[in-house]
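Have a look at the structure below before the remarks.
Every number for a ligand or one of its atoms is a count from 1 in the order of the listing.
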Amino acid sequence: MTVEPERGGEAGEPNGLGLRWRIKDSFVRYVVGNAGGRYSLTGGADLVADRYFAFPFAESGPEALPRFAGGVAFRAHGGMLRVAIVAPALRELDGRTVLTVGTGEEQLAIATLDIPAHDGGWVGAVPRLTESGCDLFGGGYELGEPLDPLESWSGIPRSTTA
Ligand code: HEM
């Protein structure tokens, strides 16, 4: 199933914050290499470099954790492999910090974070796959498999006019 972006094109008020994230470089390499596939950017996501993605800041969630806009859609094996990472967000769920992605209907908790996410502690955190995250990647990884670390980005300068 193709997952549509939750907030197509709406990156919200740029405040100088965003998420830089390779997602999982071994997966991206697999998609564009052995699996003969490609990825496409949706809803304001951009490339920092080859296989290195930038998701603009969208809003602060209820727990003051950031939500980002845009998505990356992977397609390979003639369409059998379709995985979309859309509108990644950090949330508190049952006392843990989780990384969610949008499915078009809900935010799916695909990974838990190694370290507490408050006060910017999510920067550099390694997300580890939940069962839902394993399902998202078609069962190609074990529970707890690390994704690539989350990085912050301040590529959009704030206005400096008084
Ligand atoms: C025609 C169907 C498929 C074939 C023949 C196939 C084959 C393979 C092979 C040989 C590998 C290991 C070798 C490598 O890393 O390059 C692999 C890895 C993997 N496959 Fe597939 N696959 C298929 C479909 C899918 C689908 C539908 C998904 C997900 C929706 C998927 C997700 C993965 C993942 C996550 C890995 C691990 C990549 C990594 O991080 O190294 N595959 N696949």
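Contact annotation for atom 24 (C) of ligand 1: protein present (non-hydrogen atoms, distance under 4.0 Å). For atom 14 (C) of ligand 1, the nearest protein heavy atom lies closer than 4.0 Å.
Atom 32 (C) of ligand 1 has F137 O, 3.6 Å as its closest protein atom, hydrogens excluded (heavy atom only). In this structure, the protein non-hydrogen atom closest to atom 31 (C) of ligand 1 is L81 CD1, 3.6 Å. For atom 5 (C) of ligand 1, the nearest non-hydrogen atom of the protein is H77 CE1, 4.0 Å. Taking atom 27 (C) of ligand 1 as the reference point, the nearest protein heavy-atom neighbour is M80 O, 3.4 Å.
Residue G138 approaches ligand 1 through these ligand atoms, each under 4.0 Å from one of its heavy atoms: 29 (C), 30 (C).
Smallest separation of non-hydrogen atoms from R38 and V32: CA-CG1, 4.3 Å.
Relative to atom 42 (N) of ligand 1, the option among F27, Y141, Y30 with the closest non-hydrogen atom is Y30.
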Check: Under the ring pair (Phe, Tyr, Trp, His ring centres under 6.0 Å) criterion, do W122 and F68 qualify, and how do the steps go?
Finding: CA-CA 13 Å; W122 57 273; F68 303 95; 5.7 Å; yes
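Geometrically, ligand 1 and N34 share a nitrogen or oxygen pair separated by less than 3.5 Å.
Between the Q107 side chain and the A87 main chain, a donor and an acceptor come within less than 3.5 Å of each other. Judged by distance alone, the side chain of W21 and the main-chain N or O of D148 form a donor-acceptor pair under 3.5 Å.
With a 4.5 Å cut-off on side-chain heavy atoms, F137 and L147 count as touching. For the pair L150 and P127, the minimum side-chain heavy-atom distance is below 4.5 Å.
In this structure, K24 is not positioned above the aromatic face of Y30 in the sense of NZ or CZ being under 6.0 Å from the six-membered ring centre and within 45° of the axis.
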